[in-house]
Amino acid sequence: MSIDYEKELNDKQLEAVRATEGPVLILAGAGSGKTRAITYRTAYLIEEKGIAPWNIMALTFTNKAAREMKERISQMTENSSSKVWVSTFHSAALRILYAHAEDLGYSPDFEVADQPDQKAVIKDVCKKLQIDTKEYKEKTLLNAISRAKDELLTPELFEEENYGNIRKRVYVDVYNAYQEQLKKNNTMDFDDLIMNVVKLFRDYPEILEHYQDRFQYIMVDEYQDTNTAQFELIRLLAKKRRNLCVVGDDDQSIYRFRGANIRNILDFEDIYKDAKVIRLEQNYRSTSNILQAANQVISNNRGRKAKELWTNNEEGKKIRFRQLDSASGEAAFVADDIRERVRRSEASYKDFAILVRTNVQSKEFEDAFRVRGIDYDLVKGLRFWDTKVIKDVTALMLTAASGENDLRTQRIINIPKRGAGPAAVEKLSAYAAFHGMSLLDACGHAKEAGLSGKAAIAIQEFYEEKMRVRSLSDGIPLGQFLDLVLQESGYMDYLNAEAETPEEFTEKLSYIEKLKNSLVEYEEEAEAPDILDFMRMNGIEGSSMDQDSAPDNPDKVLIMTMHNAKGLEFPFVYMVGMEEGLFPGYASINTGDEEDIEEERRLCYVAITRAMRELTLTCARVRMINGESRFASASRFIRELPLGMLDMNITPQKTERGVEIKPVRRGFTGTKLKLGREIRIVVPDYEVGDRVRHFKFGEGTVKELVKGEKDYEVTVDFDRLGVRKLFAGFAKLKKI
DNA sequence: CCATCCACGTTTTTT
DNA sequence: ACGTGGATGG
């Protein structure tokens with residue numbers, strides 16, 4: 001089989017495929033055949049350039065992307081695909097680290113901490129350090145640690161950097177203790193995986209060189225989402241041969257909040273002066289109207305790589321914009337619209353996607369679809385391996401297999417409930433530490449550890465159950481092992497008791513069933529099946545039945561967040577909740593940092609470019625936010641759309657109780673509604689030079705007060721935080 | 001030690 | 001509105 005590259009690719013794609021040597025930056029606009037370019041490039045390397053598949057590495061962010069890429073490469077290159085390293089950053093890091101764990105002071109059977117684990121550790125640390133978790137939120141602390149690791153700041157470096165900063169001092173202590181705790185449990189968190197590979201490469205040049213020789217051609221997908229640590233990882237790997245091809249779109253960078261560094265893509269040409277830059281700008285997905293809208297919106301961003309998508313596709317329908325009275329009205333409009341189109345056989349349910357900015361918005365749509373009998377699916381973030389049931393059951397199995405990991409023992413010590421609360425754990429931990437044994441082993445000495453009667457017996461039994469299971473499990477198949485664990489632990493009864501409804505119980509049973517299938521499947525394939533190995537493979541890489549694999553295409557309308565929609569396409573897209581304060585969100589408006597708005601605008605661009613045939617934007621005049629009715633004006637992004645291609649059928653305003661809401665009210669975000677009547681018009685009672693207080697930002701001096709289109713815009717120099725721009729209506733500043 | 005009540009907070013998410 | 005988590009009382 002031979003591929004006709006020239007026929008199957010456009011000029012730019014072909015150029016990208018043929019640029020095999022040296023640094024290459026492929027700026028791939030939405031829907032421009034990016035994956036096509038990467039997969040053909042891989043095939044080209046193998047078949048035309050004679051590069052061995054195992055010398056090629058392709059890195060992605062999600063397992064889904066890796067799976068899809070693998071599949072497409074295998075379709076093209078027959079059997080060599082399995083030899084190409086196509087994997088996520090994290091699983092690549094994991095594989096490398098398993099081979100060199102000891103060089104970094106971990107034992108080779110180290111484990112990976114997931115979010116619940118991380119949370120448990122940070123909780124523990126806060127307690128030990130007596131940190132007021134009201135002042136320093138656990139989430140914030142974890143986030144700070146994660147960002148530090150993204151930036152390759154080890155606890156030592158982080159400490160150096162923040163030495164003088166009193167507030168950061170707490171972060172330093174927490175980070176230190178957190179890291180110590182993980183290390184003690186022979187555990188890395190996700191960020192450690194990347195950071196530790198970099199550390200390994202930096203400390204052991206010969207190891208680095210080994211991988212440099214192995215990965216002679218490196219490709220990185222979604223390059224705009226890389227963080228500093230990932231960038232450094234790639235840079236080191238590619239340093240020797242410099243065959244680095246990164247593919248991305250700065251306009252689709254929407255993960256700044258989790259550490260993505262957009263500079264990686266913006267500065268690529270500065271770092272690699274000889275980089276070849278190839279722009280894929282022909283879009284094969286959308287109508288030209290949709291594309292122009294996207295172009296127009298994103299052009300409002302500064303600091304982006306110049307590019308403009310174009311298409312040969314037809315002009316298509318105008319983009320619809322509808323403002324409804326309420327969130328439920330909005331959902332009703334969308335649901336009716338979909339139902340009508342399906343009734344007329346214009347499309348089927350699976351052709352539609354509702355894109356929301358925040359998860360809470362989905363509820364209204366679920367209701368609207370349900371009452372109309374429209375099949376829908378909520379694409380939710382919850383994933384199989386993060387489910388409580390699965391976490392519990394796997395922890396039960398792992399603890400029976402090995403009691404080394406105290407974090408895990410702690411997780412299940414009271415599952416099912418046996419009266420082992422924090423107090424008991426505290427005593428047992430102390431005993432374990434004193435005698436240099438694991439927490440599980442300490443459970444075998446519950447009495448000696450100072451536990452009183454009933455608790456001591458229960459915990460002693462917990463220990464003995466684990467030992468019993470361990471001795472019985474020797475050499476039995478994993479599926480049976482699971483049954484044994486469930487039986488001995490009494491977990492099923494616990495589940496039944498915990499479940500609020502019978503449905504909930506059945507759902508959880510089905511999860512366990514899935515786990516069992518997965519175990520059996522694994523056992524058939526693995527050379528040396530082992531529960532620890534199984535968990536290792538699945539914890540990071542998901543598995544054959546993991547949730548993010550595409551639904552088997554049932555005919556359902558999909559509801560999902562705009563973030564989740566990245567990389568997908570749908571004939572009909574509804575972007576809902578297009579309101580100031582929701583999209584862009586208050587949070588991004590309030591910081592006064594234009595960068596935040598730009599990120600939201602990129603998200604808007606991503607969402608628009610998901611649409612193939614028709615795009616509908618909607619918003620509500622009044623929306624409940626956190627239990628409070630609020631006026632909302634149309635999103636600024638609506639105003640950034642080219643008027644000419646908008647179908648804007650403004651519906652007359654109806655209000656409950658016949659109270660007319662004057663258009664002037666538009667934009668007074670934060671104005672509360674009561675009994676269908678608005679009760680307050682926000683006119684600032686302060687002026688330039690006045691001292692004011694903000695509920696969150698503290699005190700400051702008003703620098704500027706401008707009556708904007710929608711609201712007063714007030715610039716305040718806060719004592720603690722410096723200059724911020726706020727909307728007067730929303731900020732609720734108090735004159736002092 | 002467990003259950004119950006209230007206060008709080010609330011974008012986006014991967015691995 | 002609503003779910004989570006901490007404090008409080010049995």
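Residue numbers start from 1 in every chain, and the chains themselves are labelled A, B, ... in the order their sequence lines are given, proteins ahead of strands.
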Just the rounded figure in Å: distance from [atom2] of [N] to [atom1] of [X].
X       : N       : atom1 : atom2 : value
E579(A) : dT11(B) : CD    : C1'   : 15 Å
R630(A) : dT10(B) : CZ    : C1'   : 12 Å
R258(A) : dT12(B) : CZ    : P     : 13 Å
L59(A)  : dT14(B) : CG    : C1'   : 15 Å
N143(A) : dT11(B) : CG    : P     : 13 Å
D192(A) : dT14(B) : CG    : C1'   : 16 Å
F61(A)  : dT12(B) : CZ    : P     : 21 Å
Q115(A) : dT12(B) : CD    : P     : 13 Å

### Message
I'd like to know whether F89(A) forms a side-chain contact (heavy atoms from CB on, under 4.5 Å) with V220(A), so could you lay out the CA-CA distance, the side-chain angles of the two residues, the decisive distance to 0.1 Å, and finally the verdict.
### Response
CA-CA 9 Å; F89(A) 272 93; V220(A) 183; 3.8 Å; yes

### Task
Evaluate the criterion salt bridge (Lys or Arg N to Asp or Glu O under 4.0 Å) for residue pair E599(A) and R602(A); output intermediate values, then yes/no.
CA-CA 5 Å; E599(A) 173 117 345; R602(A) 287 192 290 268; 3.0 Å; yes

## Note on the structure
Expected string for nucleotides 1-10 of chain C under the B/S/- scheme (protein heavy atoms, under 4.0 Å, primed atoms plus P, OP1, OP2 as sugar-phosphate) is B---SS----

### Query
Starting at the 5' end of DNA chain B and moving along, which residue's nearest nucleotide shows up first, Q118(A) or H563(A)?
H563(A)

### Contact nearer the 5' end of DNA chain B, comparing K137(A) with E599(A)
K137(A)

### Task
Identify whether any heavy atom of F89(A) sits under 4.0 Å from a base atom; if not, whether one sits that close to sugar-phosphate; answer base, sugar-phosphate or nothing.
nothing

### Task
Check every strand shown and say whether F257(A) touches a base, only sugar-phosphate, or nothing at a heavy-atom separation below 4.0 Å.
base

### Summary
In terms of heavy-atom contacts, A92(A) and M57(A) come closest through CB-CE, 4.1 Å

Between the side chains of [X] and [Y], is a donor N or O closer than 3.5 angstrom to an acceptor N or O?
X       : Y       : answer
Q179(A) : D192(A) : yes
Q230(A) : E232(A) : no
Y178(A) : Q118(A) : yes

### Query
dT12(B) phosphate, OP1 or OP2: any side-chain N/O from N359(A) under 4.0 angstrom?
yes

### Query
Is any side-chain nitrogen or oxygen of T561(A) closer than 4.0 Å to OP1 or OP2 of dT13(B)?
yes

### Task
Using salt bridge (Lys or Arg N to Asp or Glu O under 4.0 Å) as the criterion, list what pairs up with D109(A), not counting sequence neighbours.
none

